[in-house]
Amino acid sequence: MTHLGVVLLGVSLITFGLMHLAPGDPAEIMLRANGVQPAREAVEALRHSLGLDAPLHIQYLNWLGRVLRLDLGVSLATGEPVAQELRSRLPATARLALCSILVAAALALPLGTASALRPGSLLDRLGRLVSLASVSMPAYWLGLLLLFYGAVRLKWFPAAGMDGPASAALPAITLGFGMAGVYIRLIRAGMLDVLGRPYIRAARARGLRAGSVIVRHALRNALLPSATLLGLQIGGLLGGAAIVETLFAWPGIGKFAVDAIYAKDYVAIQGYVLLTALIVAAVNLGVDLLYRLLDPRIKKI
Amino acid sequence: MRKSKFGIRIWTIGTLLAVLLTGCSGTGSGADNAAADSGAQSAGGSAAGEIVVAVSRDTALDRLDAGAYDGSMDVHAMIYDGLVRYGEKGKIEPSLAESWDISEDGQTYTFHLRQGVQFSDGSDFDAESVIFSFERWIHDPSNSLTLASAMQSIEAVDDHTVRMTFDRAYYPLLTELTFARPVRIISPNAVEPAGDVKGKFVKPIGTGAWVADSYKMDQEAVLVRNPNYWGEAPKLSKITLKVIPDPQSRVLALQSGGVDLAGGQSGRLPLESLPVIETDESLETMKSPGTSSHFLVFNYDNLHLQDLNVRKAVNLAIDKQSIVRDLMGGVGSEARGLFPPTVPYVTDTNSRGYGFDPQEAKSLLAESGYTDSDGDGILDKDGAPLKLNLVLQQVDFPEWKPMMELVQSELSTIGIDTQLQVLEPNAYYDDLWTNRTYDMIVYRTYDDAYNPHSFLSSLFHRTQDAPAVAWSDEKLESLIDTALGSTDESKRQEAYDHIFTRMDEQAMTAPLYYPDDLFVFNKRVRNVEAGYTTFEPILWNRLEVGE
């Protein structure tokens, strides 16, 4: 726990410092609606009312003091509590993250396993092709293609927004497809390694059914590296995927963070960074627990 | 054979996961039932009297306070009315005030309010509500309207007459009263406790043609027709503003039929998609001339640029027609003077511009003593090469990159070496307004109601503690003062003639391009007419739908 505290403190200090090194003044940016330059007195007045005229360390300590009382402060750009801004956007992001993990799993589990079972076969080559396309195709481009064919040509999915169940499909496929490639390769490599182990031969020799050998004995062990990677990626996914969210007009947290950066809304950014840091820590804890399920040897430690 | 069985099993797992995925798409749909419903209606696009408009950012409908600088200006203007309205070329037209008198000295304005007007909640609009609306923000020091800083008093003469007194004559006061915010009138019932000028805003209640119906942050805002509206009743019953941040996605949404209309500044469309849009049989386009222009600011501290011939040469070397034709897909028009002809007081004779004549540019530079003495293709004078840096940003204005590259190559043909410097928007604005490390910087004039007076004052007039930003010229500053203070329309025109002519003759800027606003809409939408200000891009009340 103290560990986590130190990490969060460090993260917030770095973000705060970086934000103040970047050019631009939040008060000026807020008042500069439609490019019209605000009067100097107006900017000064707003800086004062937002507390931006205080020395930097005081600003930081003020912020920290509030956070310790579990108050993330009020967004400079919108005037709404940051906690509320984050809370209202997190569900959409979480939903998209969950869907894209499922897409990635639906692609990677069968393709990865199949290509390990029959190296050099058509399925193996397909798996190779899919993973190559997956890692090299930019999400932006894939998303536009999917939008064009899925929404404009076939009209199966809405073009943008979070309207009903079908709307999650395109962004989830965009994100999930991008993730799948690495998992296909990881699972394939893991399976190849495991399938050659003596305990698999032993299991087969005992006459266990082939399906049970592959799924319960081989795949389960081959999934360990994937679980590690997934743990790292979930943190990133829950931090929001700004590009995909923007493309599909998904009301998530990533777009909010990018807007906050342009507005130099450091209160919102700090809140966002704290939240993501917490999520990453929590997910990694979850992955450690998952290891125990996948690999009983870890239980003893 | 056994192995292929596993293959089948594995694909079965895959299918199971696919089913799971469908399940996941369903998660949360309980909470989003409203979204699904309205989505079903809008995606069909057939419900009579309703359209979906794509906008690039959240409208903040739930905190759309008439007196606050927050949320979508377009929606401000749909929900709230001002005392007066901005018409074609800045003509001030009656709105909530039917007529007004201005005292001889230009310091007292008396507004005669329209009778029988009701707010959307049914309460009466009167002088009290006008004063309530102004009192909420007029004393706020962070408000930079001249209206606020010059106002001495605002009082109700009777139920339907309001008098405002100012400490100076400043003709654009009426123009400021046409703005989308904070000058529009809000019902005293919109705050809690009701009628308290310091009260907390709770609900947008105005006298405008449209009423807030529902709102989902970052997703959509729904506006419905105001049954109590005093003016020409809107033909549509409902307008849904759908947030689609990505320009390409907006085009695809138009093509898919999920969105009926997009464009203008609140939902800009990429010009490179124009050919695709034009071949789409379900879509129609409309180009409406805007009121802003893109131009180069010259740094008056640069020794080369202090030479009038150099400034003229830069103007003459740039092919303004080519910018419109080759870079902007024919959308927009060739720049002449600093302001396009849609801006008040701009005439053909006072804003001629320089045209395109590189030969003349070269001879002007030669006349000033610039020669290429070392044969490197760059002109020099007294040992100083004619090298200039040109600052731009491309986040807000992606078109500036190709435009400046064109300028760079054209300037090199007359022997000026230009270095492009792309900055992040905040660094760009800091450079423009404060640091001034540029030799040339590309900028644009403000939109509609800020032109020309407010734009001229902020860039070409000194402030208390700093000289003018874009070009410092005492004669120009005194001309601006004359124009701003004159209450007589013809004297004002005369002053502006002098201002524009002087800026033109002195080549204080290099105007580049007058953009048009591009709108694209589904053919089922009829009567699409452009408004006169950025915040009223379309005359919403006139829109109709038909099959």
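Chain identifiers are assigned alphabetically (A, B, ...) following the order of the sequence lines, protein sequences preceding nucleic acid strands; residue numbering begins at 1 within each chain. Bear in mind that the values here come from a model prediction, so they are computed numbers and not experimental data.
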If you count every heavy atom of other residues, nucleotides or ligands that lies below 6.0 Å from [X] atom [atom1], does the total exceed 12?
X: A:His48; atom1: NE2; result: no
X: A:Ile261; atom1: CD1; result: yes
X: A:Leu21; atom1: CG; result: yes

Requested in this report: Find out whether B:Met217 and A:Pro251 are in side-chain contact, i.e. whether some heavy atom of one side chain is under 4.5 Å from a heavy atom of the other.
Outcome: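 They are not in side-chain contact.
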
Query raised in the report: Which atoms of B:Val251 come close to chain A, meaning under 4.5 Å heavy atom to heavy atom: side chain ones, backbone ones, both, or neither?
Result: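 The answer is neither part of B:Val251.
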
Query raised in the report: Where on B:Arg57 is there a heavy atom nearer than 4.5 Å to chain A: the side chain, the backbone, both, or neither?
Result: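 Neither part.
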
Region of [X] that comes under 4.5 Å of a non-hydrogen atom in chain B:
X: A:Tyr262; result: both
X: A:Tyr140; result: side chain
X: A:Thr78; result: both
X: A:Glu44; result: neither

Requested in this report: Sort out for me which of B:Asp396, B:Asp58, B:Ile244 touches chain A most, counting heavy-atom pairs under 4.5 Å.
Outcome: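 The option with the most such pairs is B:Ile244.
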
Query raised in the report: Is there a donor-acceptor pair under 3.5 Å between the side chain of A:Lys264 and the backbone N or O of B:Asn426?
Result: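 No; zero donor-acceptor contacts below 3.5 Å.
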
Nearest 0.5 Å, what's the [atom1]-[atom2] distance between [X] and [Y]?
X: B:Gln248; Y: A:Thr246; atom1: CD; atom2: OG1; answer: 13.5 Å
X: B:Gln255; Y: A:Lys155; atom1: CD; atom2: NZ; answer: 8.5 Å
X: B:Gln219; Y: A:Ser167; atom1: CD; atom2: OG; answer: 8.5 Å
X: A:Leu144; Y: B:Leu252; atom1: CG; atom2: CG; answer: 6.0 Å
X: A:Leu147; Y: B:Ser256; atom1: CG; atom2: OG; answer: 8.5 Å
X: B:Asp218; Y: A:Trp250; atom1: CG; atom2: CH2; answer: 12.5 Å

Requested in this report: Taking all non-hydrogen atoms of both residues into account, name the closest pair between B:Lys242 and A:Gly161 and its distance.
Outcome: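 Reported closest heavy-atom pair: NZ-CA, 4.2 Å.
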
Report task. Against chain B, work out which of A:Ser49, A:Ala22, A:Ala45, A:Gly143 has the most heavy-atom pairs shorter than 4.5 Å and name it. Result ->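 Option with the top pair count is A:Ala45.
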
